[in-house]
Amino acid sequence: MAAASQPIGHSEINWDKLDKTKFYVVGAGLFTGVTVALYPVSVVKTRLQVATRESVERNALSVIKGIWKADGVPGLYRGFGTVITGAVPTRVIFMTALETTKVAAFKLVEPFKFSEPTQAALANGLAGMTASLFSQTIFVPIDVVSQRLMVQGYSGHARYTGGMDVARQILKTDGIRGFYRGFGLSIMTYSPSSAVWWASYGSSQRLIWSFLAHGSDEAPPSVGKIMSVQATGGIIAGATASCITTPLDTIKTRLQVGHEKRPTTSEVVKNLVRDDGWKGFYKGLGPRFFSMSAWGTSMILAYEYLKRVCAKDE
């Protein structure tokens, strides 16, 4: 689909218009910066999700106070080294799969003559889901190790000397498959979450531009206006995805950071219902909502900026 045929075409840059080398190099630095800024939110969310009935820290503020008192700023970045090591290859895989699938998906849905928001939702959703499926192979082992570091010493969880120590313990107790604990739920969590996020982002942009009555035959909008629409789309997408996928994320997190006695999915579900009722599935919703909205907005602004910077000269 030609970019110009869409109302926001002049604000979009397709995969074939990008300098790929520049895209990957600049993108690695850009997303590292975003990860540094938002990583503490992930630590707080993870601790809330594994909190038991006996835990003293039962809300985001008390978790932050507890971390600050015990470890200061470094405590908010537990597991960061592990995450950032795996983030670069994961992002490369994700971005490549996202952009290439998006182009193919738009061509696939175009003959059905859906409305532009619907086309955008379907194409972006399919691209987001596919990108997530490809990237999970690398991301899940990183997630397992980093989450154990995030919750070490908290609510009865073991302590480690670092990421390599976690890896050794996992290999010792569960072998290679231990790195993929919760892999099925990760696929069930992140793939739909990514699909919902990108579908919401793509369709909300079209709806916002339609509301602003900006057509493809008009002069290109200013960069500031484009960024405002993209940021709003990121907030909407993050809010939608967090509300839909938090229960699965809570179960997945508990599976991945479980003690030596390896819990099953059904045991995790029973324990959540027993301890907190059905609201237990939404533990950490506040931080997850904030994380996905803040990450989504920051990420999409950085991502769209990256595409503008890496666009080939016509």
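If you read the sequence from its start, that first residue is 1, and numbering goes on from there.
You'll find the side chain of E99 stays beyond 4.5 Å of the side chain of V103, heavy atoms only. Side chains of K102 and N14 form no contact here, defined as non-hydrogen atoms less than 4.5 Å apart. Side-chain contact between R148 and I170 is present, with heavy atoms from C-beta onward closer than 4.5 Å. The shortest distance between side-chain heavy atoms of R308 and V223 falls below 4.5 Å. Looking at V34 and L30, their side chains never come closer than 4.5 Å, going by heavy atoms from C-beta outward.
Taking the six-membered ring where the residue is Trp, F23 and W15 present perpendicular rings, their angle passing 60° and hence far from 30°. Taking the six-membered ring where tryptophan is involved, the planes of Y180 and F183 are perpendicular, since the angle between them exceeds 60° and thus also 30°.
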*Do K107 and E110 pass the salt bridge (Lys or Arg N to Asp or Glu O under 4.0 Å) test, and can you show the C-alpha distance, the side-chain angles, and the key distance before you say yes or no?*
CA-CA 5 Å; K107 292 178 180 177; E110 190 174 19; over 6 Å; no

*Between Y24 and R91, is a side-chain contact (heavy atoms from CB on, under 4.5 Å) present by the stated rule, with each step listed?*
CA-CA 9 Å; Y24 291 135; R91 283 289 164 196; over 6 Å; no

*Evaluate the criterion side-chain contact (heavy atoms from CB on, under 4.5 Å) for residue pair F281 and V273; output intermediate values, then yes/no.*
CA-CA 8 Å; F281 291 100; V273 175; 3.7 Å; yes

*asked:* The test is side-chain contact (heavy atoms from CB on, under 4.5 Å); show your working for Y190 and F139 and say whether it passes.
replied: CA-CA 10 Å; Y190 290 116; F139 177 74; 3.6 Å; yes

*Could you please spell out the steps behind the side-chain contact (heavy atoms from CB on, under 4.5 Å) verdict for F80 and T35?*
CA-CA 9 Å; F80 180 76; T35 304; 3.9 Å; yes

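Looking at Q136, its side chain never comes within 3.5 Å of a backbone N or O of I187 through a donor-acceptor pair. R78 contributes a side-chain N or O that, together with a main-chain N or O of Q152, makes up a donor-acceptor pair within less than 3.5 Å. Between the side chain of S210 and the backbone N or O of R206 there is no donor-acceptor pair closer than 3.5 Å. D19 places a side-chain N or O within 3.5 Å of a backbone atom of K22 that can act as its donor or acceptor partner. With K307 contributing its side chain and I13 its backbone, the two residues share a donor-acceptor pair below 3.5 Å. Using modelled atom types, no side-chain atom of R47 and backbone atom of V63 make a donor-acceptor pair closer than 3.5 Å.
A salt bridge does not link K270 with E267: none of the charged nitrogens is closer than 4.0 Å to a carboxylate oxygen. Salt bridge present: D143 and K252 bring a charged side-chain N and a carboxylate O closer than 4.0 Å.
In this structure, NZ on K65 lies 4.5 Å from CG on L61, to the nearest 0.5 angstrom. Distance check: N124 CG to L98 CG gives 7.5 Å after rounding to the nearest 0.5 Å. In this structure, L38 CG and M299 CE are separated by 11.0 Å, a value rounded to the nearest 0.5 Å. Between the CG atom in L255 and the OG1 atom in T265 there is a gap of 4.5 Å [rounded to 0.5 Å]. Note that CG of L76 and CD1 of I67 are 5.0 Å apart. Values are rounded to the nearest 0.5 Å. A distance of 9.0 Å separates CG in L48 from CD1 in I64, rounded to the nearest 0.5 Å.
Cluster partners of V25 are absent, since no Ile, Leu, Val, Met, Phe, Trp or Tyr has side-chain heavy atoms less than 4.5 Å from it.
Heavy-atom minimum distance, F94 versus S132: CE1-N, 3.7 Å. A pairwise comparison of heavy atoms in M227 and L301 identifies O-CD2, 3.4 Å as the closest pair. Between S203 and A120, the shortest heavy-atom distance links the atoms N-CB, 4.0 Å. Residues G233 and S204 share a closest heavy-atom pair of CA-OG, 3.4 Å. When all heavy atoms of D174 and R181 are compared, the pair lying nearest together is OD2-NH2, 3.3 Å. In plain terms, the two heavy atoms of C310 and V26 that are nearest each other are SG-CB, 4.5 Å.
Residues that satisfy the side chain to side chain donor-acceptor pair (under 3.5 Å) test with T250, not counting sequence neighbours, are Q49. In this structure F114 satisfies the ring pair (Phe, Tyr, Trp, His ring centres under 6.0 Å) test together with F112, sequence neighbours excluded. For S266, the side chain to side chain donor-acceptor pair (under 3.5 Å) partners at least two apart in sequence or on another chain are T264. Residues passing the side chain to side chain donor-acceptor pair (under 3.5 Å) test with T118 are S115, sequence neighbours excluded.
Taken together through direct or relayed side-chain contacts under 4.5 Å among Ile, Leu, Val, Met, Phe, Trp and Tyr, I235 and I244 form parts of separate hydrophobic clusters. By the rule that hydrophobic residues join a cluster once side-chain heavy atoms approach within less than 4.5 Å of another member, I93 and L133 end up as members of separate clusters. When hydrophobic clusters are built by joining Ile, Leu, Val, Met, Phe, Trp and Tyr residues whose side-chain heavy atoms come closer than 4.5 Å, directly or via intermediates, V83 is grouped together with Y77. V73 is connected to I84 through a chain of hydrophobic side-chain contacts under 4.5 Å among Ile, Leu, Val, Met, Phe, Trp and Tyr, so both are in one cluster. Hydrophobic clustering (ILVMFWY, side-chain heavy atoms < 4.5 Å, transitive): V92 and L18 are in one cluster.
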Got a list of side-chain donor-acceptor pairs under 3.5 Å for residues 195-202, not counting sequence neighbours?
residue : atom : partner : partner atom : Å
S200    : OG   : V196    : O            : 2.7
Y201    : OH   : Q205    : NE2          : 3.3
Y201    : OH   : E304    : OE2          : 3.0

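The number of heavy atoms from other shown groups lying within 6.0 Å of OH (Y305) does not exceed 12.
Partner of M129 under the side chain to side chain contact (heavy atoms under 4.5 Å, CB included) criterion, chosen from S191, S193, S194, P192: S191.
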